[in-house]
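We name chains A, B, ... by the order of the sequence lines, and we start the count at 1 in each one.
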Protein chains: 2
Amino acid sequence: MTVEARIRQEIEARIYSGEWKPGHRIPFEHELVAAYGCSRATVSKALSSLSNAGLIERRRKAGSFVAHPQVHSAVLEVPDLAQVIAARGGDYRWSLMNRRVETVVADFPSPALRIDGLHLESGAPFALEQRLISLGAVPGAADESFAAEAPGTWLLQHVPWTSARHRIRATEADRAEARMLDLRPRTACLELLRTTWRNGAPVTRVRQLFPGDRFDLIAEFKPDA
Amino acid sequence: MTVEARIRQEIEARIYSGEWKPGHRIPFEHELVAAYGCSRATVSKALSSLSNAGLIERRRKAGSFVAHPQVHSAVLEVPDLAQVIAARGGDYRWSLMNRRVETVVADFPSPALRIDGLHLESGAPFALEQRLISLGAVPGAADESFAAEAPGTWLLQHVPWTSARHRIRATEADRAEARMLDLRPRTACLELLRTTWRNGAPVTRVRQLFPGDRFDLIAEFKPDA
DNA sequence: CAGTGGTCTAGACCACGCA
DNA sequence: GCGTGGTCTAGACCACTGG
């Protein structure tokens, strides 16, 4: 246990226990230096870590204070479908339904590859996927058939770093979607819309449709970081 | 711009641009010290920040390497319904439907307060809420009527720090739910199940049901932290 | 304007893990 | 072994901001 970790944990414990309530001023850095017999840099690292985690707020001249709780964000596990299905003990497969180049796509500065397909669990439809891949941002995609490998898997391995935005909502499968997913029409489905950028330019946009009874998303909030 | 921020940004830029691909070894700390003319502590802080953000991996003896991308997590904005509705220009209200003490609740070590109610947007149903509050963890809740204030709002102000787990799925409103939400039966809804703990003990468990066409969740992934 | 946190330095010792 | 990152020290100067 490092000194930094000890300082952090002992402050955490006082916050979790309620001994130090939101708004409470925690000891000044120089007081912690004296209490732990360590250097100020070590205290500062511990407090920075707590601040990053959102547990405390630091204000010049005033000191550091227990933050007011805000459970307004959580880490969402965005599923890798192959792993999800393997974890359930199922057999994952990808089935390509459509592949073509679209020359004009809204919000895309260049032509895009349009890929439609189905993720299957042990032979049964699991999720419907409709995807666009910018050929400007990912020229190599033009050479891929995506017949055997799902485009998401391929992209993870061929596009360096991206940012992404997900929109999650409930919707009803229309007639065509229900047929492909082997559902009654109007069955409740989870719709995941994800757009991915790299250096501000769109890389891919995908819509995944999951039957509501076959899949759910998990998001965790932990004040540690 | 601090030295630390400059180091971090210049490394980020090389990663985002693709100049340094996943697996690439970035300069050793002592090389960065020489390149930037700063101390090793400053370089180390910059690299620690990149490591926390998941952009690089640091290995003793070997060096630091560009990490392989994993868009497998994103930050989910968990909505404060009052704010969501205010941001849309609507008028938020909470309507209490039921409040009673349940002596035995699964997974709760003590009796719990059961609160059912409706979140309203400009008078129209927006979300159905069914909540349990542990009276062992939050004894003060017993003195609250929750007639005027939604329990989530009250809890944020009165319970110290928590961890939380959310489950998100699509489901169909049953007859009673559809009636309360003013929907046709079997309308697709987004179901948010959240359990909150403090020191390992459950504090509250809530189920919120949103008509699919009235609400969606947003989750962002940015490699920065 | 005084005291806080923010940032930085030039060292040091250690533990780990590859050769 | 030996070089790397992990941690720490005992200072220092600065910028901000609350009283």
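Under the 6.0 Å distance and 45° angle rule, B:R88 does not count as a cation-pi partner of B:Y92.
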Salt bridge (Lys or Arg N to Asp or Glu O under 4.0 Å), that's the test. Do A:R205 and A:D107 meet it? Break it down for me.
CA-CA 10 Å; A:R205 187 163 71 212; A:D107 302 324; 3.7 Å; yes
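In this structure, NZ of B:K45 is placed 14 Å from C1' of D:dT7, rounded to the nearest angstrom. Between the CZ atom of B:R59 and the C1' atom of D:dG5 there is a distance of 12 Å, given to the nearest Å. Rounded to a whole Å, the CZ atom of B:F65 is 11 Å from the P atom of D:dT4. Rounded to whole angstrom, the span from the CG atom of A:L47 across to the C1' atom of C:dG5 amounts to 9 Å. Following rounding to the nearest Å, A:M1 (CE) and D:dC8 (P) show an atom-to-atom distance of 11 Å. Rounded to an integer number of Å, the gap from CZ of B:R25 to C1' of D:dT4 is 10 Å. The separation between A:E29 atom CD and D:dG11 atom C1' is 15 Å, rounded to whole Å. Across the protein-nucleic acid pair, A:R60 atom CZ and C:dG5 atom P stand 10 Å apart, rounded to whole Å.
Residue B:S64 is the one, among B:S64 and A:C38, whose nearest nucleotide of DNA chain D lies closer to the 5' end (criterion: closest heavy atom). Mapped onto DNA chain D by nearest heavy atom, B:I26 and A:V3 fall at different nucleotides, with B:I26 at the one closer to the 5' end. DNA chain C is contacted by both A:K61 and A:R58; A:K61 maps to the nucleotide lying nearer its 5′ end (nearest heavy atom per residue).
When heavy atoms are screened at a 4.0 angstrom cut-off, B:S48 is found touching no nucleic acid atom at all. Residue contacts for B:R40: at a heavy-atom cut-off of 4.0 Å it reaches a base atom on one of the strands shown.
Nearest to the side chain of A:F28, among D:dC8, D:dA10, C:dG5, sits C:dG5. Distances from the side chain of A:A62 to the nucleotides C:dT4, D:dG18, C:dC8 place D:dG18 closest.
Taking only side-chain nitrogens and oxygens, B:H30 never comes nearer than 4.0 Å to OP1 or OP2 of D:dG3. The side chain of A:T42 places an N or O atom within less than 4.0 Å of a non-bridging phosphate oxygen (OP1 or OP2) of D:dT9.
Between A:W161 and B:F221, the two ring planes are parallel [angle under 30°; tilted spans 30° to 60°]. Note: B:W154 and B:F146 have perpendicular aromatic rings, judged against thresholds of 30 and 60 degrees for the angle between ring planes.
A donor-acceptor distance shorter than 3.5 angstrom exists from the side chain of B:R214 to the backbone of B:P125, with no hydrogens or angles considered.
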